[in-house]
Amino acid sequence: MGKFIISKRTNVDYQFNLKAGNGQVILTSQGYSSKSGCENGIESVRINSKDDSKFERKTSSNEKSYFNLKAGNGQIIGTSQMYESENGMENGIESVKNNAPIASVEDETQG
C-alpha cells in the first residue's frame, strides 16, 4: 500500500511525496506555507487522482515523459518524476490512481 509522506523543505515550506508500496516516489507536491495546506493538498490528490482528465501528460526539454496532477481549478497539486518512456509515465499515473485514494499519511515533521 502507498503512503503520503509530509516533510519540510529547507526553506521551511511543507511538502508531500506519494510513495508506492515499493517505496518509490510517484508524485511530489508543491511547497505549502502551512501543514494544514499540505494536508488539504493530500485530500485534493485523493479526490482528483480518480479522474484521468486531471492528469496532464507532458514531455520535458530532454525528451523525458512526466505528468502533473491538477485540481478542479486547474492548479498543479503534484508532479511526477521523469520517465524514460511514455509507457513508464502511464504506469506512474496508474500507480497514483491505485495508491492515492487509500494511502496512509506519515508526518515526518513531528519531532
Side-chain angles (χ1 to χ4, degrees):
M1 185 171 88
K3 62 182 167 183
F4 288 97
I5 308 291
I6 297 174
S7 60
K8 272 193 170 180
R9 295 180 173 181
T10 53
N11 69 354
V12 305
D13 278 356
Y14 291 87
Q15 75 169 42
F16 64 81
N17 286 313
L18 174 59
K19 291 187 176 184
N22 64 6
Q24 184 175 16
V25 175
I26 51 178
L27 193 72
T28 300
S29 76
Q30 64 182 30
Y32 294 92
S33 58
S34 69
K35 189 188 292 187
S36 63
C38 188
E39 291 166 340
N40 289 340
I42 289 172
E43 288 310 308
S44 186
V45 169
R46 290 189 197 279
I47 293 164
N48 290 291
S49 64
K50 298 173 187 172
D51 182 351
D52 188 71
S53 71
K54 298 289 194 315
F55 289 91
E56 177 183 47
R57 292 151 171 91
K58 308 278 280 179
T59 303
S60 68
S61 57
N62 62 354
E63 301 301 312
K64 299 208 186 260
S65 298
Y66 71 102
F67 62 87
N68 292 317
L69 177 60
K70 292 188 164 187
N73 64 4
Q75 183 178 3
I76 295 172
I77 47 179
T79 301
S80 74
Q81 65 179 21
M82 295 292 168
Y83 294 94
E84 295 296 326
S85 67
E86 267 189 52
N87 189 45
M89 175 189 65
E90 292 298 333
N91 289 340
I93 289 171
E94 286 306 309
S95 186
V96 171
K97 288 178 181 177
N98 292 331
N99 284 286
I102 58 169
S104 60
V105 177
E106 191 173 299
D107 186 349
E108 293 183 344
T109 66
Q110 295 175 337

Residue pair S85, N87: steps toward the side-chain hydrogen bond (donor to acceptor under 3.5 Å, both in side chains) verdict: CA-CA 5 Å; S85 67; N87 189 45; 5.2 Å; no
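- Summarising the geometry of A100 relative to L18, their closest heavy-atom pair is CB-CD2, 3.9 Å, with the distance given to 0.1 Å.
- No path of Ile, Leu, Val, Met, Phe, Trp and Tyr side chains, each step under 4.5 Å between heavy atoms, connects M89 with I76, placing them in separate hydrophobic clusters.
- When the salt bridge (charged side-chain N to carboxylate O under 4.0 Å, His left out) test is applied to R57, the partners found at least two apart in sequence or on another chain are D52, E90.
- Partners of E106 by salt bridge (charged side-chain N to carboxylate O under 4.0 Å, His left out), not counting sequence neighbours, listed by chain and number: K3.
- Within the 3.5 Å criterion, the main-chain N or O of G2 finds a donor-acceptor partner in the side chain of N99.
- Relative orientation of the F55 and F67 rings is perpendicular, given thresholds of 30° and 60° on the angle between their planes.
- Under the 3.5 Å distance criterion, the side-chain polar atoms of S49 are matched with a main-chain donor or acceptor of V45.
- No more than 12 heavy atoms of other residues, nucleotides or ligands lie within 6.0 Å of CD in E86, so this atom counts as exposed by the packing criterion.
- Using a distance-only test at 3.5 Å, with no hydrogens or angles considered, a donor-acceptor pair links the side chain of S60 to the main chain of K64.
- The aromatic rings of F16 and Y32 sit parallel to each other, their planes meeting at less than 30°, with 60° as the upper class boundary.
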Step by step, work out the side-chain hydrogen bond (donor to acceptor under 3.5 Å, both in side chains) result for S65 and K58. CA-CA 6 Å; S65 298; K58 308 278 280 179; over 6 Å; no
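- Judged by distance alone, the side chain of D13 and the main-chain N or O of R9 form no donor-acceptor pair under 3.5 Å.
- The backbone N or O of T109 lies less than 3.5 Å from a partner atom in the side chain of D107, making a donor-acceptor pair.
- One hydrophobic cluster, built from ILVMFWY side chains closer than 4.5 Å, holds both I77 and V105.
- To the nearest 0.5 Å, atoms OG (S44) and CD (Q75) are separated by 8.0 Å.
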